[in-house]
Amino acid sequence: MTGYVKNGFFDSGLELLEGMDEGMKLVAYNALISGYVHRGLHREALEMVRRMVSNGIELDAFTYPSVIRACATSGLLQFGKQVHAYALRRQDFSFHLDNSLVSLYYKCNKFVEARAIFDKMRAKDLVSWNALLSGYVSSGHIGEAKLLFKEMEEKNILTWMIMISGLADNGFGEEGLRLFSCMRKEGFEPCDYAFSGAIKSCAVLGAYCNGQQFHAQLVKIGFDSSLSAANALITKYAKCGVVEEARRVFITMPCQDSVSWNALIAALGQHGHGAEAVGVYEEMLKEGIKPDRITFLTVLTACSHAGLVDQGREYFDSMETVYCIPPGADHYSRLIDLLCRSGRFTEAESVIKSLPFEPTSQIWEALLSGCRVYGNMELGIIAAEKLFELIPEHDGTYMLLSNMYAATGKWEEAARVRKLMRDRGVKKELACSWIEVETQVHKFLVDDTSHPEAEAVYKYLQELGKEMRRFGYVPDTNFVLHDVESDGHKQDMLITHSEKIAVAFGLMKLPPGRAIRVFKNLRTCGDCHNFFIYLSRVVQREIVLRDRKRFHHFRNGECSCGNFW
DNA sequence: ATAGGGTTAG
């Protein structure tokens, strides 16, 4: 039985089961169930559990971990709880079961329950610690994860992988890369799965050259066709601003899964190639691959970035009617974004009114940023008020609202919002931009003089500013949010925005003709955006800027976003 | 004989 199911011959396994003595069936069922779970066939695994029970065979200590794992990966908390209760009633204890339960409860966001099970375990092994580490990481408790990782004396390759991938997920790309090389130094040979953590770190950082080295190593070992590695590569190239490479990886894969398709659609969407993204989606359908909820998120985002409103609306409607996927709050917020971006506020409002649940903060956020583009104060204020109730600690709301007031010349109002922000002790997330030169990542903050070549960069930037003004660029001081009196000083503050510094540094360091790829942790400011439009024409270089939301490709005086972001 | 901790898409 194990021979059959480990190689995917489930039909032969089922046949074998038919002719088997009753006394042997429990073990056979267990082997089958575990086989299904390892192939990701969770529905089949749970179906087999039902069949087993209805044939009068009770689950045993070998069945539970497989079943719990199936529940954990498909988010079936209720079913998992029932199995847990069943095991408790029968007084079946094993630490295989406990380990899988820790993972189940963490994956379903039941932190207290997960921790309670972990604490009650009287014998813990490496798997238990890995389960806890993974729980910390996936719930965003990265500080605890780092401590635990340091304290763990015994580690295996999974320990490293959980930590590296977790660092990348929480935005610690540099630490992820450092840890990956530590891991190799300690003698762990990375498998294809392990490489994906390092590649994801490069994606987070936008470290194109670093990532290419991993790609080369994968080819050398023969892992480049592995799904997990190749899928990570698609995202890495896209997040580094090189969509063509992302597409090339996709095309050269021997076979793609739904993750690969989703990654490619997302890649095209982020770069504003909405029509192509939609084309790839249609192709995916033709290939008979079922779209999932993430496919729809990526397709809707792509439509939004490219202004394909009616098409996006159609896709949204097809989710439920054709594919039986009920849209979640995340899908609705994409829809609102889509409608607002083309000024269809009445439609957006009626969608919000007819929501099957209470509007979440992400829905109000989509409405608010749509209002910013069109200067729709009335609706914007309503959205902002809701956000102040729901997430008063979120700095973005204050910034957006204050920006909107400033853009319409309502300075007292803008100041009032900033005062409110101060009074409530809300801190603005520090803006930061970075650029990769050779394989080194250089990071800059606003007014940052800590970089060894800061003086030269600032001087160069001042010159660029003067030159751009000769070509018609006018600094837009509406984007200065500090309380600065004189206009001259305001202009000084604009020139030191981190994305401008990083771009200037790139111009100084990178060979002529090479594209400048800069990354920013927040959304880009309107003045910088305008500045780069002029710059791209004057210096005849492609400037690629990745901000928190999307990519901007500045080429010859135009931006791919069409001034909507 | 059969079991637990992991990967890639937003």
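Letters A, B, ... mirror the listed sequences (proteins, then strands); counts begin at 1.
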Within residues 182-192 of chain A: residues closer than 4.0 Å to DNA chain B (heavy atoms): A/C191
Close residues, residues 63-79 of chain A, relative to DNA chain B [heavy-atom separation under 4.0 Å]: A/P65, A/S66, A/R69
Residues that [X] engages under side chain to side chain donor-acceptor pair (under 3.5 Å), provided they are two or more places apart:
X	result
A/R247	A/E276
A/R293	A/D330
A/S260	A/N231, A/D257
A/S226	A/D192, A/S228

Under 4.0 angstrom, heavy atoms only, what part of the nucleic acid is [X] near: base, sugar-phosphate, or nothing?
X	result
A/Y29	nothing
A/I162	sugar-phosphate
A/K25	nothing
A/D125	base
A/D292	base
A/Q256	nothing
A/H38	sugar-phosphate
A/L126	base
A/A194	nothing

List in chain and number order the residues that pass ring pair (Phe, Tyr, Trp, His ring centres under 6.0 Å) with [X], two or more places apart in sequence or in another chain; answer none if no residue qualifies.
X	value
A/Y29	none
A/H84	A/Y105
A/H215	A/Y237
A/F9	none

Listed partners of A/R43 passing salt bridge (Lys or Arg N to Asp or Glu O under 4.0 Å), at least two apart: none
DNA chain B: 5'-most and 3'-most nucleotides touching chain A, 4.0 angstrom heavy-atom criterion: B/dA1 to B/dG10
N/O donor-acceptor pair under 3.5 Å between A/N156 side chain and A/L158 backbone: yes
Ring-face cation of A/K200 near A/F195 (centre distance under 6.0 Å, axis angle within 45°): no
